[in-house]
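Inspection log for the structure reproduced underneath, given as structure tokens.
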Amino acid sequence: MFKKYLLIVSALAVTACASAPKLLIQGSEKSLMQVDKVYTQTNLHPDEQRKRLYSINYQQSGFIARCTEVNLLDVSKKKLVFTVGESKYSYLFHKASGSFDENIKKYFAPSCKKSALRKLNAIDKEGLQAGKVFKGMTRDGVILAIGHPPVHKTPSLDGKRWKYWSSRFNTFDVIFDDSGKVKSIID
């Protein structure tokens, strides 16, 4: 009986490990979990009280700046656990966000290219600093300031309307003009 129990537990452990995302770094066999340093690729807006971020990208009251070094602790097929300084956060995945691996790679990478800031306009830089969207920002500026819009409501970044959630119940739209700059923000 004990052997049978051990076999079942071992099989479950192997299955759990096999189903965990690999988070492979593009062009490498190395995983994000194996590198020394990992950095945020956009500003993140966690729920500070619960220490959670959501793949739907709720725009909560917390703020983790772009290019912040994080320590990845654990990954499963539904969440990524990491620390920033002494604070521990859980990044919770929802299937509406597309692929877990692709979603995580939008927000975490082994380096942070500060050169991306060179092509931003003054309004983009202001939005990035504040972690907010302002009229006149470019698409790249919006992504760096508040993250990617959820793919199930904004399947293409070429569209003129991107939908974000400020909470589980409230959304807002970022509307772009023909030149690709924010024309309006609609709550």
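From a predicted model like this one, the values you see are computed outputs, not experimental measurements. All values below come from the heavy atoms of this structure, side chains included, with hydrogens, waters and symmetry mates left out. Residues: numbered from 1 along the sequence shown.
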* Only one of Asn57, Thr40, Val38 clears side-chain contact (heavy atoms from CB on, under 4.5 Å) with Tyr107; which? -> Asn57
* **Whether over 12 other heavy atoms sit under 6.0 Å from Lys51 NZ** => yes
* **Lys79 atom NZ, neighbour heavy-atom count above 12 within 6.0 Å** =>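 No, because the 6.0 Å sphere around NZ of Lys79 holds 12 heavy atoms or fewer from other groups.
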* Ser55 (side chain) donor-acceptor with Ser97 (main chain) under 3.5 angstrom -> no
* **Side chain Gln41, main chain Tyr39, donor-acceptor under 3.5 Å** => yes
* Side chains of Ser179 and Asp177: is there a donor and an acceptor less than 3.5 Å apart? -> yes
* To do: Just say parallel, tilted or perpendicular for the rings of Phe172 and Tyr164, cut-offs at 30° and 60°.
  =>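 Phe172 vs Tyr164 ring planes: parallel.
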* Asked: How are the rings of Phe108 and Tyr91 set to each other: parallel, tilted or perpendicular (split at 30° and 60°)?
  -> perpendicular
If you look only at distance, which donor and acceptor atoms sit under 3.5 Å apart when one is on a side chain in residues 120-128 and the other is two or more places apart or in another chain?
residue: Asn121; atom: OD1; partner: Ile123; partner atom: N; Å: 2.9
residue: Asn121; atom: OD1; partner: Asp124; partner atom: N; Å: 2.6
residue: Asn121; atom: ND2; partner: Gly136; partner atom: O; Å: 3.3
residue: Asp124; atom: OD1; partner: Thr138; partner atom: N; Å: 2.7
residue: Asp124; atom: OD1; partner: Thr138; partner atom: OG1; Å: 3.4
residue: Asp124; atom: OD2; partner: Asn121; partner atom: N; Å: 3.2
residue: Asp124; atom: OD2; partner: Thr138; partner atom: OG1; Å: 2.8

* Asked: With sequence neighbours left out, what residues match Lys132 under salt bridge (Lys or Arg N to Asp or Glu O under 4.0 Å)?
  ->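 Per chain and number, Lys132 pairs via salt bridge (Lys or Arg N to Asp or Glu O under 4.0 Å) with no residue.
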List the atom pairs, with distances to 0.1 Å, where a side-chain N or O of residues 139-150 and a protein N or O form a donor-acceptor pair under 3.5 Å, not counting sequence neighbours.
residue: Arg139; atom: NE; partner: Leu157; partner atom: O; Å: 3.0
residue: Arg139; atom: NH2; partner: Asp158; partner atom: O; Å: 3.3
residue: Arg139; atom: NH2; partner: Gly159; partner atom: O; Å: 2.8
residue: Asp140; atom: OD2; partner: Lys119; partner atom: NZ; Å: 3.3

* To do: Could you walk me through whether Phe63 and Asn43 pass side-chain contact (heavy atoms from CB on, under 4.5 Å), step by step?
  => CA-CA 7 Å; Phe63 186 80; Asn43 288 337; 3.6 Å; yes
